[in-house]
Amino acid sequence: GTTRRPHSPASCSYQSAFAKEEKSYQDAHSPLFPCINHCRRLAAFFSPPAVSRKNNSMDYASSETTVMPLDLLREITNDFSEERRIGSGSYGKVYLGVHQHGKRIAVKILYDMPGIDDEQFQNEFNNLTRLRHQNIVRLVGYCHNIQEIQVEYKGKLVLAEKTHRALCLEYMSNGSLDKYLSGNEDVFLVLVGILIYHFKNLELENSPNLVLQMSVIDMIGRQAME
Ligand SMILES: Nc1ncnc2c1ncn2[C@@H]1O[C@H](COP(=O)(O)OP(=O)(O)OP(=O)(O)O)[C@@H](O)[C@H]1O
């Protein structure tokens with residue numbers, strides 16, 4: 001949301017908000033986590049481990065996660081135009097971003113939601129950057145931008161802060177896994193088999209498998225209930 005902050009200097013800092021390295025089991029259960037889970041559920045799971053990322057209909061992404069300024073995201077998504085919107089979820093809208101050199105990414109602009117603060121965003125960011133697997137959509141960048149705007153408050157104009165948060169992910173040209181699963185029990189059973197296979201091969205850098213296990217269990221559970 002917009003927080004009122006009368007006449008104080010801008011406090012925008014891309015790096016400092018993400019300096020902490022603390023990670024915990026609880027990170028995996030914050031309110032933002034479902035929107036991240038979706039990305040892990042994308043169609044990449046259909047490919048066997050031996051298939052290279054380049055052959056898997058996804059644009060190859062850099063292994064580095066970079067800061068992406070809001071202006072750049074506006075530029076590559078045609079100012080977040082409707083034509084570029086590729087989906088939306090409970091936590092934000094997703095846009096196709098096309099860099100000048102042609103590389104495509106998915107830009108997820110998170111909604112302003114009460115209760116989701118910078119710390120939670122940072123936790124999600126930390127979780128995503130720790131994930132390294134050929135069949136998991138990779139975070140390639142993020143944006144955390146605080147803009148100063150003028151708003152009317154009790155009849156006076158005051159300066160306020162508006163926070164923009166975005167996660168930039170590899171663009172998955174096959175879209176969401178959900179569309180392949182809905183109403184198709186055979187595909188679901190095959191998928192469970194593939195997940196079990198992958199489950200044994202998952203590796204997270206410098207962390208236990210807990211985060212990914214939760215997303216896999218979440219997915220299997222949801223489909224089983226439908
Ligand atoms: N990395 C991506 N590449 C391509 N399309 C994507 C990507 N991430 C999301 N999308 C598209 O955007 C849609 C919304 O994704 P998002 O992760 O925001 O929500 P969701 O997980 O589907 O729903 P919810 O957040 O409510 O659980 C997806 O259904 C998919 O079509």
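Please read all numbers here as calculations on a predicted model, not as lab measurements. Residue indices begin at 1 and follow the sequence shown. Atoms within a ligand are numbered from 1 in the order they appear, just like the ligands themselves.
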For the pair Glu170 (side chain) and Val137 (backbone), establish whether a donor and an acceptor sit closer than 3.5 Å, ignoring hydrogens and angles.
->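 No, the answer is negative, given that no donor and acceptor are paired below the 3.5 Å cut-off.
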Backbone, side chain, both or neither: what part of Ser90 comes under 4.0 angstrom of ligand 1, heavy atoms only?
-> both
Ligand 1-proximal atoms of Ser88, by part, heavy-atom distance under 4.0 Å =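 Within the 4.0 Å criterion, Ser88 contacts ligand 1 through backbone atoms alone.
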Residues two or more places apart in sequence or in another chain: which of them pass side chain to side chain contact (heavy atoms under 4.5 Å, CB included) with Glu82?
->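 Expected list: Arg85.
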Have a look at Arg104, Met172, Arg85 and point out the one with the heavy atom closest to atom 3 (N) of ligand 1.
-> Met172
Option with minimal heavy-atom separation from atom 16 (P) of ligand 1, where the choices are Glu170, Arg138, Lys108 =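 Of the listed residues, Lys108 has the closest heavy atom.
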Decide whether an N or O pair under 3.5 Å exists between Tyr91 and ligand 1.
->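 Such a contact does not occur with ligand 1.
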Answer yes or no: does an N/O atom from Val94 fall short of 3.5 Å to an N/O atom of ligand 1?
->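 Between Val94 and ligand 1, no N or O pair is found under 3.5 Å apart.
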Is the shortest heavy-atom distance from the side chain of Tyr142 to the side chain of Thr66 under 4.5 Å?
->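 Answer no - side chains too far apart.
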If you take all heavy atoms of Ser173 and Arg104, which pair is closest and at what distance?
-> CB-NH2, 4.5 Å
Val107 to Ala166 - nearest heavy-atom pair and separation =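 Minimum heavy-atom contact is CG1-CB, 4.4 Å.
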Heavy-atom contacts with Tyr171 under 4.0 Å: which atoms of ligand 1 show up? List them by number with element.
-> 3 (N), 4 (C)
Side chain to side chain donor-acceptor pair (under 3.5 Å) with His99: which residues, sequence neighbours excluded?
-> none
